[in-house]
Protein chains: 2
Amino acid sequence: MSKDNLKVCPIYNTFDLIGKKFTVLILRNMILYHHTRFNELLDSVEEINSKTLSLRLREMERDGLITRHVYPEMPLRVEYALTEKGKNLKPILEQMGEFSTRYCAINVFRDKKPRHFKQVLETAH
Amino acid sequence: MSKDNLKVCPIYNTFDLIGKKFTVLILRNMILYHHTRFNELLDSVEEINSKTLSLRLREMERDGLITRHVYPEMPLRVEYALTEKGKNLKPILEQMGEFSTRYCAINVFRDKKPRHFKQVLETAH
DNA sequence: CAGCATCCAGACTGATACTG
DNA sequence: CAGTATCAGTCTGGATGCTG
């Protein structure tokens, strides 16, 4: 591959997809905790409000990370699902979790002891 | 580990460190291309200006990701170096690169063909 | 070379209220 | 339940110019 083949830096391209405030938290809850509903995310994503959540979900849909399904019931039900592309962001989230649990233990854990992110996931459900 | 041991979400903690605009690009150039000088970064980080670069470098120093060394020469020489903590962000950058080179090839490459981030690095120097 | 100071424009976010 | 509308405030980033 010649360098000219590169249109945009791959790292920056990824940052464009997940770099806005709350996007990684929404993905965290969808990928790791399998949340699917609007109010479920509204309650579980720290500090987010409905306007911003709505905005982020539409951006993620536009970017092909999630899909939106409406079930015409009463009351209305809407479910958000990860696409294959969205699911493939999981390794990034895992590395982000791993970095903090290993190298920022002082900020992250009360007992200040480093550990693996996997161990946190197993007990945090 | 009990859940109460967790002070803050590890994923969000990492996002706080690298989520601001330009921070991952500065880290990319320091970690992958071994840039160390202010003007070197100013020229190589896409679209950044000196004020923002200065701000980001100070934030990264405050967060323990880099250190700043002043060499009292004429002209003045200042070098920025990664700390061990900063170097440990490399797997996150690699996963971010890998995601785009594999799943966003249409946006990233002129030939639109997916490949591994490692292959891009080998030829992009 | 390696920044800092100032000023400004625009993007982003939040609170509140309302709808089908 | 799942949002949208409006308004206001904050935060960020960018242009320009200056310093040791």
Side-chain angles (χ1 to χ4, degrees), chain A residues 8-9 11-13 15-30 33-63 65-82 86, chain B residues 8-9 12 15-30 33-63 65-82 86:
Chain A
V8 38
C9 168
I11 292 175
Y12 200 59
N13 182 72
F15 185 76
D16 272 347
L17 292 178
I18 65 170
K20 298 183 92 164
K21 193 172 177 185
F22 300 119
T23 304
V24 292
L25 297 186
I26 296 168
L27 286 166
R28 173 198 66 189
N29 289 15
M30 293 186 72
Y33 306 130
H34 308 292
H35 291 183
T36 59
R37 308 287 294 273
F38 188 88
N39 278 347
E40 193 177 21
L41 292 166
L42 192 57
D43 293 339
S44 61
V45 172
E46 301 90 320
E47 312 274 294
I48 202 169
N49 63 38
S50 66
K51 175 188 159 188
T52 306
L53 176 57
S54 174
L55 200 58
R56 288 292 170 277
L57 289 172
R58 274 184 278 133
E59 291 165 358
M60 292 163 70
E61 193 186 0
R62 177 202 65 201
D63 292 337
L65 303 180
I66 61 174
T67 55
R68 183 179 187 270
H69 294 283
V70 182
Y71 297 86
E73 305 172 352
M74 264 323 227
L76 193 63
R77 183 161 62 100
V78 178
E79 300 211 333
Y80 293 93
L82 292 158
Chain B
V8 37
C9 168
Y12 200 58
F15 185 77
D16 271 348
L17 293 178
I18 66 172
K20 298 184 92 162
K21 194 172 177 183
F22 299 118
T23 303
V24 293
L25 297 187
I26 296 169
L27 286 166
R28 173 199 67 189
N29 288 15
M30 294 186 72
Y33 305 130
H34 308 292
H35 291 184
T36 59
R37 307 287 294 274
F38 188 88
N39 278 346
E40 193 177 21
L41 292 166
L42 192 57
D43 292 339
S44 61
V45 172
E46 301 90 319
E47 311 275 293
I48 202 168
N49 63 37
S50 67
K51 175 192 158 185
T52 306
L53 177 57
S54 174
L55 200 59
R56 289 292 171 278
L57 289 170
R58 274 183 279 132
E59 292 164 356
M60 292 163 71
E61 193 186 2
R62 179 202 63 200
D63 293 336
L65 302 180
I66 62 174
T67 55
R68 183 178 187 272
H69 294 282
V70 182
Y71 298 86
E73 304 171 353
M74 262 327 223
L76 194 63
R77 183 162 62 97
V78 179
E79 300 211 334
Y80 294 92
L82 291 160

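So that the names make sense, note that chain A is the first sequence line, chain B the second, and so on, each numbered from 1. Reckoned from all heavy atoms, side chains included, excluding hydrogens, waters and symmetry mates.
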With sequence neighbours excluded, tell me which residues meet salt bridge (Lys or Arg N to Asp or Glu O under 4.0 Å) with B:Arg77.
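Applying salt bridge (Lys or Arg N to Asp or Glu O under 4.0 Å) to B:Arg77 gives B:Glu73, B:Glu79.
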
Does a side-chain N or O of [X] approach OP1 or OP2 of [N] to a distance below 4.0 Å, or not?
X	N	value
B:Arg58	C:dG3	no
A:Arg37	D:dA2	yes
A:Arg68	D:dG3	yes

Within this structure, what is the [atom1]-to-[atom2] distance between [X] and [N], rounded to whole angstrom?
X	N	atom1	atom2	answer
B:Phe38	D:dG20	CZ	C1'	15 Å
B:Leu57	C:dC1	CG	P	16 Å
A:Glu61	D:dG3	CD	P	10 Å
A:Tyr71	D:dG3	OH	C1'	18 Å
B:Glu73	C:dA2	CD	C1'	13 Å
B:Ile66	C:dA2	CD1	C1'	14 Å
A:Leu41	D:dA2	CG	C1'	12 Å
B:Leu53	C:dA2	CG	P	10 Å

Nearest 0.5 angstrom please: [X] [atom1] to [Y] [atom2], how far?
X	Y	atom1	atom2	value
A:Arg37	A:Ser44	CZ	OG	13.0 Å
A:Tyr12	A:Leu17	OH	CG	11.5 Å
A:Asp43	A:Leu53	CG	CG	10.0 Å

Parallel, tilted or perpendicular: which describes the rings of A:Tyr33 and A:His35, with under 30° parallel and over 60° perpendicular?
tilted

Residues at least two apart in sequence or cross-chain that pass side-chain hydrogen bond (donor to acceptor under 3.5 Å, both in side chains) with B:Lys20, listed by chain then number, are B:Glu59

Give the B/S/- string for nucleotides 5-20 of chain C, one per nucleotide from 5' to 3', where a protein heavy atom under 4.0 Å of the base yields B, of only the sugar-phosphate yields S, and otherwise -.
-BB----SBBB-----

Under 4.0 Å between any heavy atoms, over every strand shown, what does B:Tyr80 touch: base, sugar-phosphate, or nothing? Just pick one.
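Here B:Tyr80 touches the backbone only, sparing every base.
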
Ion pair B:Lys21/B:Glu47, N-O distance below 4.0 Å
no

